Amino acid sequence: MTAPVVRDLRVRPATESDLPTLVRLRDDAARWMLARGITGQWRPGELDENHFRRVMAHGEVWLAETGGHLAGAWELWWEDESAWGPQPPVAGYVHRLMVNRSTAGPGTGRPLLSAAEHRVSEAGRSRVRLDCLAGNARLNAYYKDAGYRVVGHKEGKPQPGGVPKSFTLLEKDLGGQVLSGGPGNGEG
């Protein structure tokens with residue numbers, strides 16, 4: 001795995017020592033949403049260190065830093081049957097894209113998403129997929145503006161620590177951006 005620099009972000013895989021930081025970042029992002037009236041998506045305290053530990057065991061968790069400060073993080077899965085059903089190993093699945101609102105400037109989410117796309121391409125996969133809460137029109141539009149297209153809907157997807165929710169399924173074709181295969185090509 002390489003550590004790409006996207007804009008002025010330095011991206012690196014999360015380690016065990018990052019678990020408290022990931023929980024804090026997720027909780028801060030949930031509080032930010034709630035303060036802006038975005039309800040029904042994330043709640044503080046929903047996910048603990050064990051959640052991120054499990055993701056790191058079966059996928060990847062990435063942190064982005066700028067100027068020595070945490071800018072954000074995301075999860076990258078190599079399969080997501082609960083939302084997408086069984087699929088051939090052609091995609092990476094981005095989850096929990098989180099921006100550190102206290103240190104990262106406006107527009108940081110897009111470079112984080114680009115870094116995730118780069119990692120998927122580096123792994124030899126040709127598509128990036130994600131699911132977005134169906135009722136969050138603003139976030140759905142954000143991903144469409146980033147080049148994702150709606151390819152379906154998933155009703156009643158199970159949630160960690162919560163009731164099932166409905167999601168929009170979005171996909172971006174990386175086309176000719178696929179780099180040579182490497183770690184994460186479906187074996188992790």
Side-chain angles (χ1 to χ4, degrees), residues 1-19 21-22 25-26 29 47 49-66 70-100 104 107-132 139-140 142-152 154 157-158 160 167-188:
M1 289 183 274
T2 61
V5 175
V6 177
R7 214 160 60 178
D8 61 341
L9 297 179
R10 174 140 323 263
V11 179
R12 67 173 177 82
T15 65
E16 183 81 15
S17 65
D18 295 314
L19 293 172
T21 300
L22 289 163
L25 181 62
R26 171 54 164 67
L47 303 180
E49 290 183 12
N50 286 329
H51 165 83
F52 292 102
R53 190 177 286 116
R54 282 189 302 273
V55 172
M56 288 172 18
H58 300 288
E60 300 174 4
V61 180
W62 289 84
L63 292 173
E65 299 165 339
T66 183
L70 178 65
W74 69 90
E75 297 176 11
L76 184 56
W77 303 2
W78 298 111
E79 60 183 33
D80 185 2
E81 286 194 24
S82 67
W84 294 81
Q87 296 286 321
V90 298
Y93 300 83
V94 175
H95 287 274
R96 276 168 270 292
L97 184 71
M98 304 173 279
V99 173
N100 185 354
T108 300
R110 200 60 65 88
L112 294 177
L113 193 54
S114 292
E117 293 165 359
H118 176 85
R119 174 66 189 124
V120 170
S121 177
E122 177 186 68
R125 302 230 176 163
S126 61
R127 296 183 188 133
V128 179
R129 293 179 177 149
L130 53 86
D131 57 67
C132 180
L139 191 55
N140 277 270
Y142 175 84
Y143 288 121
K144 288 178 192 173
D145 288 346
Y148 287 77
R149 64 185 179 90
V150 174
V151 294
K154 173 67 177 178
K157 179 184 171 195
F167 288 84
T168 303
L169 302 178
L170 297 116
E171 178 178 270
K172 183 175 186 177
D173 187 353
L174 298 176
Q177 299 177 45
V178 175
L179 305 175
S180 61
N185 57 2
E187 301 173 27

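Nothing here was measured: the structure is a model prediction, and the numbers come from that model.
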Is the number of heavy atoms from other residues, nucleotides or ligands within 6.0 Å of CD (E79) greater than 12?
no
Using a 4.5 Å cut-off on heavy atoms from C-beta on, say whether the side chain of P13 contacts that of E60.
no
Is the NZ or CZ atom of R119 both under 6.0 Å from the centre of the six-membered ring of W62 and within 45° of that ring's axis?
no
A64 to L112 - nearest heavy-atom pair and separation:
CB-CD2, 3.2 Å
Euclidean distance, R10 CZ relative to E65 CD, rounded to 0.5 Å:
9.0 Å
Side chains of T21 and F52: closer than 4.5 Å at any heavy-atom pair?
no
Going by heavy atoms in the side chains, are Y148 and V128 under 4.5 Å from each other?
yes
Assess whether a salt bridge exists between D80 and K154, defined as any Lys/Arg side-chain N lying under 4.0 Å from an Asp/Glu carboxylate O.
no
Is any side-chain heavy atom of L169 less than 4.5 Å from a side-chain heavy atom of R129?
no
Give the minimum heavy-atom separation between A14 and L63, together with the two atoms involved.
CB-CG, 4.3 Å
Any side-chain heavy atom of Q87 within less than 4.5 Å of one from R127?
no
How close do E16 and M56 get, heavy atom to heavy atom, and via which atoms?
N-CE, 3.8 Å
What closest approach, in Å, do A71 and T66 show between heavy atoms, and which atom pair accounts for it?
CB-CG2, 4.0 Å
Got a second to check how far W84's CH2 is from L130's CG, nearest 0.5 Å?
7.5 Å
Measuring from L25:CG to L47:CG, what's the distance to the nearest 0.5 Å?
11.5 Å
Sorted by chain and residue number, the side chain to side chain contact (heavy atoms under 4.5 Å, CB included) partners of A116 (sequence neighbours excluded) come out as W74, V94
Min side-chain heavy-atom separation Y142-R110 under 4.5 Å:
yes
What pair of heavy atoms forms the shortest contact from C132 to L170, and how long is it?
CB-CD1, 3.7 Å
